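Since the model is a prediction, treat every value here as computed from it, not as a measurement.
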Amino acid sequence: MVKLSALTHPPRDTRDTLFLLLVIGWIILPQIAHAPIWVSVLAVGVLLARGWLAISGGPLPGRWLLAALLAVTLTATWLTHRTLLGRDAGMTLVVVLLTLKTLELRARRDAMVVFFLGFFVMLTNFLHSQSLATAAAALLALLGLLTALVNAHRPIGQPSLRESAWTAAKLSLAGAPVMAVLFVLFPRFAPLWSIPTDAMLGRSGLPSGMEVGMIAKLALDDRIVMRVRFDGPPPPQSQLYFRGPVLTRFDGRRWKAVGDDAHLGAALAAEPADLQVSGEPIRYQMTLQPSHRPWLLTLDAAPKPPELPAGWRARMTTDLQWMASRPVTDLLRYRAESYSRFRYGLAAWKDRPRRDIGNLLRLPQGFNPRTLALAEELRRQAGDANASTLVRAALKRLRTGGYRYTLEPGAYGQNSADQFWFDTKAGFCEHIASAFVILMRAAGVPARIVTGFQGGEFNSVDGYWTVRNTDAHAWAEVWHTDLGWVRVDPTGAVSPDRVGRFQRLRAPEDAIAAALSYLSPSLLARLRAAWEATDNGWNQWVLNYTQNRQFAMLGHLGFRNPSRQDLGALLAGLLAAATLIAALTRILWARRKRSRHDPWLRLLVRARHRLNQAGVSLAPQAPPREMLRRVQSSALPHELRQRLTDWLLALERLRYAPARTPPAVTLATLRRQFRQLSWPRAQNQAQVVHDPHKHERASVMES
C-alpha cells in the first residue's frame, strides 16, 4: 500500500520524477494524432507505470526486460512503416525511445538523456504543424523541461518547483532577444520543416477529380483553407467564387480534369485563351494554407499572374485556372487582381475543332437513361434548343420541383443524375452540379464542372475574409455561342441562401461549442474570431516571414541591393554588439553589486581611507575601536580627535549595541557628521609622523 504522505508530501526524488513524467506526457501529446495507435498505448502505459514505481518506491525494470521492450518496439515500427528510416518511422522511434528511457531513470546522467530527447521530440511536433497552438504548446514544454533541468542542478535540500520555474523563465527571457535577432536576420533558406510525406495529402480537398459525395464529406471539415484581404471594398458575397480545377471528362462515376491522366503541366498554356475583362479590378492579398497541390486559388477571373514570392512561377491553364510551378507545401502569400465582369473563350472556342466541342458533350454509354429522356423533353419544349432557353428551363425545374440542398442525400448509385432528378431530389452542391451538367450535355449544350470555394466569413477583428473547407463548392459553366463560357450555379436555384446570404450546411457542433452557443449565441463567434485573428497574425508575421520581407527590411535600413551577405554582416555586427553590451553590463552589475554592500561597512571603509590620508596608519580590516586608539594617539588637532572619538564610538554602538543607541543616531546622521568634519590641510598633514610606541604609551595612560 502507498502511504498517504507519499502522495501529499512526496520525497524530492518522487516529486521530481513525477514532474518530469508530466512534462514528457505533454510533449508526446501532440504526437498521438499522428503516431500509430500502439505508440500512444505504449507511451501512456509506460508513463503511468513509471509514475507508480516512483510513488510506491518499487524497483525499476532490469536490462533484459528493457532490451525485450526495445526489440518489440523496433519490430512494431518496421511492421507499421516497413522501414526504420524516414520521417514517420523516425518520429515513431524517437517517441518510443523517450518513453522507454524513463524506465531507467536512475541517475542525473539518465535525466540528461531524457531532457535532450525531450527537446528533440518537442521540435519534431513542428513537422506536423507550425500553427500558433503548436508553438504555444512547445513554449510550455520548453519551460517545463528547463524547470526540470534547473531542478536537477540543485542537488541539496528540496528546492521548490516554483523557484526552479522562475529561474527557467528568467533564462528563457534572457535568450529571447538573441532568438528574435536570429529569427529576423538569419538568412531564410528553403523551409526546414517541409519534409514531404509519401501520401502528400492536401488540406484544401480539391483534387483534380470529383466523385459525387466528395465535397459533402469535405464540408464536414472546418479547417481554414485561405485568408483574403481586399485592398478596397469587397465584392458582394454572391460573387466570391474562388476558381479551382475545371472538370470536363466523365466516366459515369467520376469527373476528371484535362490532363488528369498525364502530368499536371500538360494542361498549362502560355496565356489564357480569349479572356476579356471590364470594370474596376478587385485587388486582394491571399494567404493560402499548405495543400500539397499546385492550385493557386483566385477570384474569377484573374487575367494577370499572381504576384508570388521569389522562386515561384504561375501559369494559367486553358480552363482559366492559375497553377504554381510546384505544389504548395507551406504557407504561401501572394497578391492577385481579378475582375467580376469578364468574357472567356468566345472567339477561341469557335475556332476549336469539332472534336474538342464534342468532348464537352460526351457522356458514357449506359448511364442515366431517364436524364437523357428528360433532356429530349426539354429540347422539344424549348423548340429552338437555344443554350439560354435550356439553362432557364433546367433552373426552373430545380426551383419548382421540390429539390432540397442537404449534406446527407443518401447513397447514390451508378445512375447518380437519374436518382437526383427523379428519386431523392436532394443533394449537395456536387450532386446538383453534376446532374445539371449531365442534363445540359444530353440536351446538346457544351457544359463542364468547376470546383473551388464560394464565399467566406468576414473577421471583424483583423479585416480578413476566412475561407474554410466548409465553403468548398462546385458549379457549372455552359457554352453560349454568343457569350462564350458563362457561369451557372444550379445550387443557387435549389438553395438561394447558399450563394446569396451565405448560409452554410455545417457539421453538428461538439458539446463545448454547443453549450457556448446555447448560453450566448454571439460569444462563440467572438471567441472564434479573436482566436483566428491571432492565428492569422502568427501566419502573416512569423510563418510567412520570407526572404523577400527580409530584403525589404534591409532596404528600409538603407541597403541598396540587399543580399544574404548583407544579412550575415548585419547579424554578425549585432551579435558582436550584443556580446559587448553583455560584457559591459556584467562589469557594471558587478560594480553595482559591490557598491550595494553593507552601508555600515561602506561608511567604515570611507572613514578608514580618510584617516590614512590624514596620516593615521590603519590596517585594512581595522575595527572602530582600533581606529579610535590610533586617532587618540595621532598628531591630529585636539578638536578633530575629540569629534572623531565620539563619532567612532557612536558608529560602533550603532552596529553592535543598537538597543543602547539613541533614536536620533542613525547611519544617515553619522554619514552627515563625517562629511562635516574639518580636516587639516595637506601641508600640515605631511608633518604628522607616526610613532607606534607613542601610540601604545598614550593608550596605556588613557586606560
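Residues Phe453 and Arg243 fail the side-chain proximity criterion, which asks for heavy atoms closer than 4.5 Å. Side-chain atoms of Leu69 and Leu103, non-hydrogen and from C-beta on, do get closer than 4.5 Å to each other. Residues Leu146 and Phe119 form a side-chain contact, since some pair of their non-hydrogen atoms from C-beta on lies under 4.5 Å apart. Side chains of Leu74 and Leu93 form a contact here, defined as non-hydrogen atoms less than 4.5 Å apart. Leu297 is listed as a side-chain neighbour of Met226, based on a closest heavy-atom distance under 4.5 Å. Between Leu97 and Leu70, some side-chain heavy-atom pair lies under the 4.5 Å cut-off. Inter-residue side-chain proximity for Pro290 and Thr329 is flagged as unmet; no heavy-atom pair is nearer than 4.5 Å. Using a 4.5 Å heavy-atom threshold, the side chains of Leu127 and Met91 count as touching.
The environment of Arg109 atom CZ is sparse: at most 12 non-hydrogen atoms of other residues, nucleotides or ligands sit within 6.0 angstrom.
Thr80 contributes atom OG1, which lies 11.5 Å from atom CD1 of Ile37 (distance to the nearest 0.5 angstrom). Atoms CH2 and CG, on Trp295 and Leu288 in that order, are 12.5 Å from each other to the nearest 0.5 Å. Taking CG from Leu65 and CG from Leu100, the interatomic distance works out to 9.5 Å, rounded to the nearest 0.5 Å. Distance check, rounded to the nearest 0.5 Å: CG of Leu182 to CG of Leu575 gives 6.0 Å.
Scored by the ring-ring contact (aromatic ring centres under 6.0 Å, His included) test, Phe115 finds no partners at all (sequence neighbours excluded).
The shortest non-hydrogen separation linking Met286 to Thr298 is CE-CA, 4.4 Å. Here the closest non-hydrogen pair linking Gln237 and Gln454 is O-NE2, 3.0 Å. When all heavy atoms of Pro327 and Trp312 are compared, the pair lying nearest together is O-CH2, 3.7 Å. Nearest heavy-atom pair, Leu299 versus Leu240, reported as atom, atom and distance to 0.1 Å: CD2-CA, 3.8 Å. The two residues Thr83 and Leu85 have their closest heavy-atom pair at OG1-N, 3.0 Å. The two atoms that bring Ala148 and Leu20 nearest to each other are CB-CD1, 4.1 Å, heavy atoms only.
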Practice item. Apply side-chain contact (heavy atoms from CB on, under 4.5 Å) to the pair Arg335 and Arg283, showing each step before the final yes or no. Key: CA-CA 8 Å; Arg335 295 189 60 82; Arg283 297 182 176 89; 4.3 Å; yes
Practice item. Before giving the answer on side chain to side chain donor-acceptor pair (under 3.5 Å), spell out for Ser338 and Tyr284 the whole-Å C-alpha distance, their side-chain angles and the decisive distance to 0.1 Å. Key: CA-CA 8 Å; Ser338 300; Tyr284 52 95; 2.7 Å; yes
Point to revise | CA sep, side-chain torsions, deciding dist, call: Met122, Leu142, side-chain contact (heavy atoms from CB on, under 4.5 Å) | key: CA-CA 8 Å; Met122 180 187 69; Leu142 174 66; 4.0 Å; yes
Practice item. Check the pair Met112, Leu149 against side-chain contact (heavy atoms from CB on, under 4.5 Å), reporting the backbone distance first and the verdict last. Key: CA-CA 8 Å; Met112 294 301 166; Leu149 186 61; 3.7 Å; yes
Review point. Yes or no on side-chain contact (heavy atoms from CB on, under 4.5 Å) for Thr470 and Glu457, after CA distance, side-chain angles and deciding distance?
Key: CA-CA 11 Å; Thr470 52; Glu457 182 181 4; over 6 Å; no
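For the pair Trp322 (side chain) and Ala302 (backbone), a donor-acceptor distance under 3.5 Å is present. Counting only distance, with no hydrogens or angles, the side chain of Asp16 and the backbone of Asp13 share no donor-acceptor pair below 3.5 Å. Side-chain atoms of Ser164 never come within 3.5 Å of backbone atoms of Leu161 as a donor-acceptor pair (strictly under, hydrogens ignored). Put simply, the side chain of Arg50 gets close to the backbone of Leu105: a donor and an acceptor are under 3.5 Å apart. Judged by distance alone, with hydrogens and angles left aside, the side-chain atoms of Thr451 form a donor-acceptor pair with the main-chain N or O of Pro245 at under 3.5 Å. Counting only distance, with no hydrogens or angles, the side chain of Thr14 and the backbone of Ala54 share a donor-acceptor pair below 3.5 Å. Side-chain atoms of Gln289 do not come within 3.5 Å of backbone N or O of Arg227 as any donor-acceptor pair. One N or O on the side chain of Thr167 and one on the backbone of Glu163 form a donor-acceptor pair closer than 3.5 Å.
For the residue pair His81/Thr92, the side-chain donor-acceptor check at 3.5 Å is satisfied. No hydrogens or angles considered: nothing links the side chains of Gln31 and Ser40 as a donor-acceptor pair under 3.5 Å.
A side-chain hydrogen bond (donor to acceptor under 3.5 Å, both in side chains) check over residues 132-142, counting only residues at least two apart or in different chains, returns the pairs Ser129-Thr134, Ser131-Thr134. Sorted by first and then second residue, the pairs that involve residues 21-43 and meet ring pair (Phe, Tyr, Trp, His ring centres under 6.0 Å), not counting sequence neighbours, are His34-His128.
Remark: Arg229 is not positioned above the aromatic ring of Trp465, lacking an NZ or CZ atom under 6.0 angstrom from the ring centre and at most 45 degrees off the axis.
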